Amino acid sequence: MNCGSLQVAFEGVSGRGVVAGWTTTYHESIPSLEAELPYLCVLIELIEQEDLFVVSDMIGSDVDSAALRLGMRMRVTSETQIGDLVVPRFVPCEDRERP
Amino acid sequence: MTWDNRSKVAIVGVDISAIERRTAVPLGSLALDAAHKAIADSGLTARDIDGIATYPSAPFAGARNRDGEDVVTSNFFLSPILLDRVRWYAQAGAGMIAASIRDAANALISGACNYVLVWRAMYVPAGKYNELPSMTVGGEAQFSAPYGCSSPPQWHTIVYRRYL
């Protein structure tokens, strides 16, 4: 595949990546998430390609912001389904796992 | 690597309008106020301005697009009563005001004009900033809003953390 090509299509990915950034949200702007405040949003860079990012959150995880590091290896863990929507979330890779 | 056009353009004047809360003053009037003050700050006059650039998009979903009320587009400033010497203009669709400053710099370097007025006029409605009451979103937001990442402060913070 060449840069700038118009031949684009969906491709599966491994669900593995590294932490590329995060932020803690204290301010309610989405009423349906009010009960989750404060919550962590994370940016994951997938291993398939540089600058290929996925936004996710750490809602329901016991990982807090102090435990996060840039470059920390993550893998997709659960696909929370809301109606027809798939909401992938990530957890840190176990040490024995390869990224 | 040094940019070939380094130091070939400069910001020569800057100013800001009054910032008001729940004002009855139209957005276009505030933008004009800021523009006149910025032009005065530069030592130029409105007749010197031959280029204009803005990023007019409202900073919240569901905004209306009345020119001079909800947004202040290039077209608003193209009125011959305000600026009658404009020979180049641009209106950025993405990239916020930094895109308009980029556009202005490129126009100046190319020789399309001599002095560009760049402005950013916006307001936020009553209520919580960036509130997203809907349970469904489309477009780009579908990849971030479901994770509670729906507002510029969050986007900036994530990038800024990488920078740090």
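The shown structure was predicted, so the numbers you read here are calculated from the model rather than taken from an experiment. Letters go in sequence order (proteins before strands), and every chain restarts at 1.
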Is [X] linked to [Y] within one hydrophobic cluster, defined over Ile, Leu, Val, Met, Phe, Trp and Tyr using a side-chain heavy-atom separation of less than 4.5 Å?
X: B:Val71; Y: B:Tyr55; value: no
X: A:Val76; Y: A:Val13; value: yes
X: B:Leu78; Y: B:Val118; value: no
X: B:Leu108; Y: B:Leu117; value: no
X: A:Val63; Y: A:Val42; value: yes

Return the option, out of A:Thr25, A:Val54, A:Thr24, with the maximum number of heavy-atom pairs under 4.5 Å with chain B. A:Thr25

Which one of A:Pro31, A:Cys41, A:Ser29, A:Ser32 has the most heavy-atom pairs closer than 4.5 Å to chain B? A:Ser29

Contacts of residues 144-164 of chain B with chain A (heavy atom under 4.5 Å): B:Ser144, B:Ala145, B:Pro146, B:Tyr147, B:Gly148, B:Cys149, B:Ser150, B:Gln154, B:Thr157, B:Ile158, B:Arg161, B:Arg162

Would you please go through residues 16-40 of chain B and name the residues with a non-hydrogen atom below 4.5 Å from one of chain A, in numerical order? none

What residue pairs, at least two apart or across chains, pass salt bridge (Lys or Arg N to Asp or Glu O under 4.0 Å) with a residue in residues 28-47 of chain A? A:Glu28-B:Lys128

Identify which part of A:Ile30 has an atom lying under 4.5 Å from any heavy atom of chain B, answering side chain, backbone, both or neither. both

Counting only heavy atoms closer than 4.5 Å, note whether A:Phe53 contacts chain B via side chain, backbone, both or neither. side chain

Does CG in A:Leu37 sit with more than 12 non-hydrogen atoms of other residues, nucleotides or ligands closer than 6.0 Å? yes

Can you list the residues that meet the ring-ring contact (aromatic ring centres under 6.0 Å, His included) rule with B:Tyr123, with sequence neighbours excluded? B:Phe60

